[in-house]
Amino acid sequence: MISDITIGQYYKGNSFIHKLDARAKILLTVLFIAMIFMCKNFLSLGLTFVFVVLSVLLSAVPVKMYLKSLKPIIPIVIFTAVLNMLYTGGETVLYSFWKITLTAEGLTTAAFFAARIVLIIISSSILTYTTVPTMLTDAIEKLLSPLKVFKIPVHSLAMMMTLALRFIPTLIEEIGKITNAQKARGADFESGKLLQRIKAIIPIIIPLVVSSFRRAAELADAMNCRCYTGGNTRTRMKQMKFCFKDFVSLLVFCIGIAGVVLLNIKFGAVI
Amino acid sequence: MNSTLLETKNLTYVYSKGTSSQVHAIRDICLKIEKSELVGVIGHTGSGKSTLIQHLNGLLKGTSGTVLLDGKDIWEKKSDIRKVRFRVGVCFQYPEYQLFEDTVYKDIAFGPTNMGLDRDEIDRRIREVIYYVGLDESYLEKSPFDLSGGEKRRVAIAGVMAMQPEILILDEPCAGLDPKGRETILSMIKDYREKTGSTVLFVSHSMEDISKIATKVLVMNESRLAYYDTVDEVFRHADELRNMGLNIPRLTKLFLMLREKGYDVNTNVYTLEKAKQELLALLSKGGTDK
Ligand SMILES: Nc1ncnc2c1ncn2[C@@H]1O[C@H](COP(=O)(O)OP(=O)(O)OP(=O)(O)O)[C@@H](O)[C@H]1O
Ligand SMILES: [Mg+2]
């Protein structure tokens with residue numbers, strides 16, 4: 001259950017995408033999402049799909065991992081698809097029964113929405129699978145650093161994010177341990193009515209919160225002991241470099257977006 | 001005489017099977033634990049001790065192999081696994097982090113309540129186990145979060161004891177405690193077994209601790225079972241143990257060395273008291289029957 005959560009997990013590797021600059025990867029992901037939303041007909045959607053498939057292959061992360069990250073959102077996909085199918089008006093009625101009318105437009109919209117959600121999840125998974133979380137927050141800090149002009153504490157925000165990401169695996173592990181300990185005392189999480197199940201979580205939540213506070217205090221002490229002051233005077237151990245391949249990747253994606261726009265204009269929009 | 005209570009057959013477990021980070025935590029473990037044995041479990045870090053323990057009460061299910069409790073596969077009926085957990089009580093490493101109720105009393109009651117026992121029985125058991133772990137009834141109304149680390153641990157252990165499991169398993173009950181705290185926990189384990197006659201397994205990194213109270217030693221090495229035998233038998237393999245990164249107690253080593261030098265002494269010496277006796281006996285014999 002809890003171990004199925006894979007977003008935010010790094011998959012060790014040495015592929016082309018692993019080696020791209022983290023800032024480039026964030027920009028690429030933003031471009032990707034823009035591209036996904038710009039698709040107006042099936043040809044441009046197809047082109048986007050090709051981009052996704054190529055990126056997945058280039059990332060050298062097993063397809064199984066991507067399927068795993070899709071698993072938890074399948075219900076959402078189905079739910080939105082069904083809603084879209086039923087509530088999109090249109091002329092071309094395919095099937096009508098009682099109050100339910102299926103139209104060709106409805107089906108198209110549903111398909112587009114489903115495809116968009118799936119593609120967005122996959123593209124953000126590519127980013128998190130191939131980038132170490134700390135690099136990710138470093139990159140976000142760099143990308144947001146212009147905001148410092150407006151007195152926004154970008155560094156502190158990025159540090160908070162780094163720490164939060166850093167502790168996700170720790171928390172998951174901790175939940176596992178506490179769950180096991182309570183199960184060993186006969187706690188039952190699998191049966192019973194909804195209310196009972198919610199109550200059954202209390203023996204996990206309380207120790208978890210207590211130990212999170214303890215951990216936070218310890219961490220703060222440890223950072224103080226190492227004279228952490230935050231702010232602008234800090235340098236980086238790993239300098240980020242924007243190289244040729246980063247530019248090329250960005251260029252390729254810009255061309256991709258141009259392609260999507262062209263296809264949209266040439267063949268008209270269906271959505 | 002002694003009948004087998006818990007048995008594992010070719011038990012193997014692989015973490016994250018099929019991914020790049022797959023780990024063989026235990027391999028092919030065949031083990032028979034008899035009734036009322038006090039087993040000390042030892043092995044280097046990462047040798048699979050905690051993993052093995054989690055199989056014994058069905059928190060993990062072996063990738064292959066079986067666990068038999070009283071000759072019956074614990075996974076025979078999946079819905080009965082909770083009953084197995086009441087019979088095989090496990091207390092994990094750093095159990096103090098599992099406390100959650102606002103009083104010690106309620107926290108110890110958690111296990112027995114899950115068993116569906118009635119109020120009076122639960123009350124009786126709580127008042128019994130609190131003494132087993134060397135605390136007294138004044139602790140029952142305190143908040144577990146106000147106790148010291150060692151006291152918290154004892155409360156957590158009491159919480160498992162209160163289920164009166166046939167087998168009590170403690171994963172590193174002495175970890176992170178001072179010598180006095182360790183001593184308390186050890187004598188508590190020993191007393192508990194003597195009073196209740198239950199089978200006890202405890203993991204420890206200290207051969208000294210194990211030799212003091214255990215009747216048998218289980219040695220894990222690189223995810224395999226290396227030895228499961230009486231304390232005396234296992235310590236005969238001093239050299240092999242050293243290769244596994246383990247050590248026999250210093251006192252025992254001393255007597256092995258004396259033996260090697262030709263002195264007529266017993267080598268099954270694990271306590272100061274026994275050492276004194278042996279040495280006095282040797283001296284009274286003249287000391288030098290070389
Ligand atoms: N949840 C887990 N996921 C993946 N691998 C694990 C997990 N738990 C343990 N392992 C691995 O399994 C192996 C055995 O671990 P285990 O915790 O059983 O060792 P141990 O003998 O209890 O060690 P220690 O003395 O440090 O407690 C180790 O190599 C460990 O890295
Ligand atoms: Mg362990």
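Note that the structure is predicted; figures quoted are calculated from it, not measured. Letters A, B, ... are given to chains in the order of the sequence lines, protein chains preceding strands, and every chain is numbered from 1.
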(request) Specify which of B/Met163, B/Arg82, B/Gln54, B/Met115 makes the most heavy-atom pairs with chain A at under 4.5 Å. (result) B/Arg82
(message) So does B/Ile167 get a backbone contact from the side chain of B/Thr199, meaning a donor-acceptor N/O pair under 3.5 Å?
(response) no
(message) If we ignore hydrogens and angles and just use 3.5 Å, is the side chain of A/Tyr129 paired with the main-chain N or O of A/Met65 as donor and acceptor?
(response) yes
(request) Against chain B, work out which of A/Arg214, A/Glu174, A/Arg185 has the most heavy-atom pairs shorter than 4.5 Å and name it. (result) A/Arg185
(request) Under 4.5 Å, counting heavy-atom pairs only, tell me which of A/Val210, A/Ile204, A/Asp188 racks up the most with chain B. (result) A/Asp188
(request) Name the option with the most non-hydrogen atom pairs under 4.5 Å to chain B; the candidates are A/Ser211, A/Ala184, A/Pro207, A/Pro203. (result) A/Pro203
(message) Does any backbone or side-chain atom of B/Phe145 lie under 4.5 Å from a heavy atom of chain A? Answer side chain, backbone, both or neither.
(response) side chain
(message) Tell me whether B/Glu121 is salt-bridged to B/Arg124, with the criterion being a basic N under 4.0 Å from an acidic carboxylate O.
(response) yes
(request) For the pair A/Lys25 and A/Asp21, find out whether any cationic side-chain nitrogen is under 4.0 Å from an anionic carboxylate oxygen. (result) no
(request) Check whether B/Phe86 gets within reach of chain A through its side chain, its backbone, both or neither, counting any heavy atom under 4.5 Å. (result) side chain
(request) May I ask you to check if B/Arg154 and B/Tyr139 form a cation-pi contact, with NZ or CZ under 6.0 angstrom from the six-membered ring centre and within 45° of the axis? (result) no
(request) May I ask you to say whether B/Asp209 pairs ionically with B/Arg182, meaning some side-chain N is under 4.0 Å from a carboxylate O? (result) yes
(message) Under a 4.5 Å cutoff for heavy-atom pairs, which residue among B/Pro112, B/Pro165, B/Gly111 has the most contacts with chain A?
(response) B/Gly111
